[in-house]
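For reference, the structure is listed below as structure tokens.
Values below: all heavy atoms of this structure, side chains included; hydrogens, waters and symmetry mates excluded.
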Amino acid sequence: MPAAPAAQVALLLFAGTLMGFGARTAGGCTGSHGICGTSLGSPASFAAAATFFGTALLLSRLYTLLPGGKP
Amino acid sequence: MTKKIVGLSIGVAIGFIMAWARLSDPAVIRSMLLLREPDVFLLMGSAALVAGVGARLLRAAGARALVTGEAIGWSVERPRASHVAGSVLFGAGWSIAATCPGPIATMTGEGRVAGLVVAAGLMVGVVLKGAAEKRLAARPLPTADAAGQ
């Protein structure tokens with residue numbers, strides 16, 4: 001997260017927009033696909049959960065390489 | 001009235017668990033995404049296990065949902081490209097904000113302003129997706145724009 005509050009708000013708004021657009025496209029999020037859908041054995045939920053976990057794990061790792069990113 | 005009380009009680013319980021498990025703290029989500037702490041994975045895994053067993057038991061018993069009164073049952077979906085494409089965007093947003101649609105309500109309740117900001121972004125994203133779908137549905141040929149009409 002950047003230090004400036006305005007930049008933090010902009011980044012969080014952007015992140016929220018990505019999640020809203022993505023969750024509506026995918027038909028669910030961490031709770032609905034990740035917990036509920038997988039518990040009911042839905043193949044679509046397993047695909048969605050594997051994708052958002054994979055993406056988030058990879059990107060989180062990449063952020064640590066950014067200048068100022070804490071390893 | 002009973003439905004409202006049931007709904008409220010379930011909401012209170014979920015909020016309590018989210019706060020207790022500290023899912024409302026972005027630092028906890030961050031350390032999970034960096035694979036430093038296994039607790040959130042264990043929490044999600046055990047929740048899915050309990051839900052999986054519980055839903056099957058309830059279905060077998062012919063139980064009805066507390067809030068809607070519908071018989072408990074479900075159908076599963078085959079994966080489509082939209083599940084993967086949407087989840088790439090979702091995962092990207094998740095990795096930036098280190099919170100997701102469930103815990104933002106808990107964050108806001110704890111007085112974390114970031115929860116409200118992410119919630120506002122979520123609304124924007126959901127509305128944008130709706131608008132994009134509408135535009136696509138209103139257009140008979142997807143190439144009409146590209147051809148310059």
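Put simply, A/Tyr63 and B/Val28 are part of the same group of oily side chains (I, L, V, M, F, W, Y) that touch within less than 4.5 Å, one to the next. By the criterion of side-chain heavy atoms lying less than 4.5 angstrom apart, applied directly or through intervening Ile, Leu, Val, Met, Phe, Trp or Tyr residues, B/Ile96 is grouped together with A/Leu66 in one hydrophobic cluster.
Between A/Ile35 and A/Thr30, the closest side-chain pair of non-hydrogen atoms is not below 4.5 Å. Contact check for B/Arg22 versus B/Val40: no side-chain heavy atoms found under the 4.5 Å cut-off.
For chain B, the option among A/Gly37, A/Gly27, A/Gly34, A/Ala26 with the highest count of heavy-atom pairs below 4.5 Å is A/Ala26. Between chain B and the residues A/His33, A/Gln8, A/Met19, A/Arg61, the largest count of heavy-atom pairs under 4.5 Å involves A/Met19. By number of non-hydrogen pairs under 4.5 angstrom with chain A, the leading residue of B/Ala81, B/Gly130, B/Ala47, B/Ala119 is B/Gly130. Of the listed residues A/Thr38, A/Leu58, A/Leu57, the one with more heavy-atom pairs under 4.5 angstrom with chain B than any other is A/Leu57. In terms of non-hydrogen atom pairs under 4.5 Å with chain A, the most contact-rich of B/Gly54, B/Gly86, B/Gly45 is B/Gly86. Highest contact tally toward chain B, considering only A/Ala23, A/Ala47, A/Cys36, is held by A/Ala23 [criterion: heavy-atom pairs under 4.5 Å]. The choice from B/Gly52, B/Pro101, B/Pro79 that makes the most heavy-atom pairs within less than 4.5 Å of chain A is B/Pro79. For chain B, the option among A/Leu11, A/Leu62, A/Leu40, A/Leu12 with the highest count of heavy-atom pairs below 4.5 Å is A/Leu40. Between chain A and the residues B/Leu128, B/Leu49, B/Val88, the most heavy-atom pairs under 4.5 angstrom are made by B/Val88. Of the residues considered (B/Leu35, B/Ile104, B/Val50, B/Val53), B/Leu35 shows the highest number of contacts with chain A, using heavy-atom pairs under 4.5 Å.
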Before giving the answer on side-chain contact (heavy atoms from CB on, under 4.5 Å), spell out for B/Ile14 and B/Met18 the whole-Å C-alpha distance, their side-chain angles and the decisive distance to 0.1 Å.
CA-CA 6 Å; B/Ile14 293 176; B/Met18 291 250 185; 4.1 Å; yes

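Interface residue B/Arg30: only side-chain heavy atoms are found under 4.5 Å from chain A. Contacts of B/Ala55 with chain A are made by side-chain atoms alone, with heavy-atom separations under 4.5 Å and no backbone atom involved. Contacts between B/Met32 and chain A at a heavy-atom distance below 4.5 Å involve backbone atoms as well as side-chain atoms. Heavy-atom distances place both the backbone and the side chain of B/Trp94 under 4.5 Å from chain A.
Crowding of A/Phe14 atom CZ: a count of heavy atoms from other residues, nucleotides or ligands under 6.0 Å not exceeding 12.
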